[in-house]
Amino acid sequence: MSSHPIRTRFAPSPTGVLHVGGARTALFNWLYARKQGGVFVLRIEDTDHSRNSEESKQIIIDGLHWLGLDWDEGPQKGGDHGPYYQSERNAIYEEYLAALEKKGFLYEEHGAIRFRSPRRKVLLEDLICGNIEFDLTNPATHPDMTLRRPDGSWIFHFVNVVDDIEMKISHVIRGEDHLSNTPKHLELYAALGAQPPRFAHTPLILNRDGSKMSKRDQGANMSIYPEQGYAPEALRNYLSLLGWSPKDNREILDTSTILELFELHQINRRSASFDPEKCFWINGQHLLRMDLARYRELALPFLEKAAICSESSEMLEKVLSLVKPKIKSLPDLPDWVRCFFSDEFPFEPEAVAKNLSTPQARERLSLLAQALLLLECWSASSIETCFKNRAATLGIRVGELVHPARVAVSGRSVGAGLYEMLELLGRERTIKRLLASAENR
RNA sequence: GACCCUAUCGUCCAGAGGCCUAGGACACUCCCCUUUCACGGGAGUAACACGGGUUCGAAUCCCGUUAGGGUCGCCA
């Protein structure tokens, strides 16, 4: 198409959190660049000295790393258009300011440097919002913008435009909160004699009730997702669906599919609201569908944190593949699997009360243990047969054996398939636990 | 207040004049499967903000109203 290479950028200011809206903006920029075979740039807009710190910058970098949005140029990566921190680009801004000065666009007021608007109508051809004309002829409604403060520090509009020119950004994909700023930016491009990039303003993400999403709202802060056991690929999936869709009712999409189907101009013009429940569901679907190696990778930190360690990696894999189809959230994992790796596990009081409190139940456990002791082959299917036979002999439903046994062996009333659990646990531990419960509880 | 954007189930998305008695998904309710919890399958509740046009015909086009959001900073 164009002879100009596609270059997009994510240009956050370090505020201490990576907001979910910012993450989505970054995702769209990343998707577009990757889809077009272009370059994705990360630039940190840290001109406001009062509120930026190393930690804040690190939070953004960590968040993007976690989300899997790798940049081609930027912090930790370098590139031909650096530096990528605005705080280090002073000389460049001075140069551009001098150019504007020379052309007579600037004037000073109270020590600040301001841009004299040409006072014209400005047409924005937005890839998402369409053509919008802004009338900037009235100074009362559109006052001249300030470019530089009396203390020498720079204002967003100016440095943002200068950097986009210098970094040869071809597509500015950003939140709709910048839509009304764009005519000002267009004035700057014109004044600098630069060709403006294509703009694409995405609708904002709101809360479920339609209110503006602040960093404190549920789900707004990206740092909670790794902690809560979300898979980055699931978040990419959910975020991509806020304002965009593949149009064919598919919802669970891996990133390569999104890449294949994503189109900038198909993004909605309607603001979306963030639904934590749906996000959770999408994550669950990814957890369910991912392969065991990936599952294990995501699960490991949660097991380590709970001080659960496996005697063998083979055992770990067996346990994980057993519970994987059942579990919806990785933070729940330790409670589900602790009983496989240690004899020290808590008994849920309600589960005990319901299933182990009667002498009858304890009697059955002990009978069950005797039967299992005699089993010639310790496999899930023969264990199942044994349970069923036992139940038939006692004239009860299998459930009346299964539920107490589950609690005796795991302390819990919910879990994976019991017969498979027992097979994995081994005969010795199974019988020991059945008898312990038969006697004590 | 001015300017800009938006308006389909509670939520996300489909719908770009007749295929719409509006489709899918989350959530919710019920049923089936099942040793539990899940998964899976089935069913159900639930929406075109309102008012005018245009048209033989409008969720879809136009205008207005209302509502929500955004911007109007020497924040980004």
Side-chain angles (χ1 to χ4, degrees), chain A residues 11-15 22 45-48 50-52 86 109-114 124 126 128-130 132-136 138 140-143 145-151 153-157 159-160 174-184 201 203-213 238 241-252 268-282 284-285 288-289 323-328 332 336 351 354-355 384 387-388 391 397-407 410 412-419 421:
Chain A
S13 84
T15 58
E45 306 216 332
D46 55 350
T47 54
D48 184 3
S50 63
R51 60 167 193 191
N52 78 74
Q86 286 187 331
E109 191 175 77
H110 305 301
I113 295 177
R114 311 192 71 183
L124 164 63
D126 193 275
I128 295 171
C129 300
I132 306 167
E133 191 179 65
F134 295 86
D135 184 351
L136 304 190
N138 184 356
T141 56
H142 294 87
M145 68 183 130
T146 302
L147 268 32
R148 189 178 209 180
R149 300 184 192 90
D151 71 358
S153 59
W154 305 98
I155 301 298
F156 158 75
H157 303 293
V159 293
N160 183 267
R174 60 182 8 169
E176 199 190 82
D177 49 340
H178 288 295
L179 189 60
S180 301
N181 288 150
T182 307
K184 292 183 206 166
H201 287 92
L204 267 19
I205 303 179
L206 310 176
N207 289 311
R208 277 289 297 266
D209 65 4
S211 65
K212 188 182 175 183
M213 208 174 185
Y238 179 69
L241 258 20
L242 252 26
W244 173 81
S245 97
K247 313 271 183 215
D248 57 5
N249 291 335
R250 269 187 291 176
E251 297 204 292
I252 305 303
N268 270 164
R269 296 166 70 164
R270 246 189 110 174
S271 46
S273 51
F274 186 86
D275 186 347
E277 283 180 333
K278 183 138 186 181
C279 186
F280 180 79
W281 176 77
I282 289 203
Q285 291 296 309
L288 223 44
R289 297 171 194 208
V323 300
K324 179 172 175 284
K326 306 267 181 175
I327 227 163
K328 290 167 122 174
D332 293 344
W336 279 62
K354 192 173 174 203
N355 295 296
E384 177 172 0
F387 267 71
K388 288 187 168 159
R397 292 179 305 131
V398 225
E400 298 192 64
L401 244 31
V402 166
H403 300 308
R406 176 187 296 287
V407 179
S410 71
R412 294 160 52 87
S413 54
V414 302
L418 182 71
Y419 309 125
M421 281 177 70

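Order of the sequence lines fixes the chain letters, A, B, ..., with proteins taken first and strands second; residue numbering starts at 1 for each chain. Nothing here was measured: the structure is a model prediction, and the numbers come from that model.
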In whole Å, what is the span from the CD1 atom of A:I252 to the C1' atom of B:C26? 10 Å

Got a donor-acceptor contact below 3.5 angstrom from the A:S410 side chain to the A:R406 backbone? yes

Letter by letter from the 5' end, nucleotides 35-41 of chain B scores (B base, S sugar-phosphate only, - none; protein heavy atoms under 4.0 Å) BBBBSS-

Classify every nucleotide of nucleotides 65-74 of chain B by which part a protein heavy atom approaches to under 4.0 Å, writing B for the base, S for the sugar-phosphate alone and - for neither, in 5'-to-3' order. ---SSBSSSB

Can you tell me the Watson-Crick or wobble partner of B:C20, both distances under 3.5 angstrom? none

Using a cut-off of strictly less than 4.0 Å, decide whether A:N249 has a side-chain nitrogen or oxygen near OP1 or OP2 of B:C13. no

Regarding B:A25, can its base be found pairing with the side chain of A:K278 as donor and acceptor, where the two atoms are less than 3.5 Å apart? yes

Counterpart base for B:A14, defined by Watson-Crick or G-U wobble contacts under 3.5 Å: none

Result for 5'-nearest mapping on RNA chain B, choosing between A:F134 and A:E251, is A:F134

From the set B:A27, B:C4, B:G24, return the single nucleotide nearest to any side-chain atom of A:E277. B:A27

Gap separating the CG atom of A:L288 from the NZ atom of A:K326, nearest 0.5 angstrom: 11.0 Å

With the side chain defined as heavy atoms from C-beta on, A:L242 is closest, among B:A76, B:C12, B:G23, to B:C12

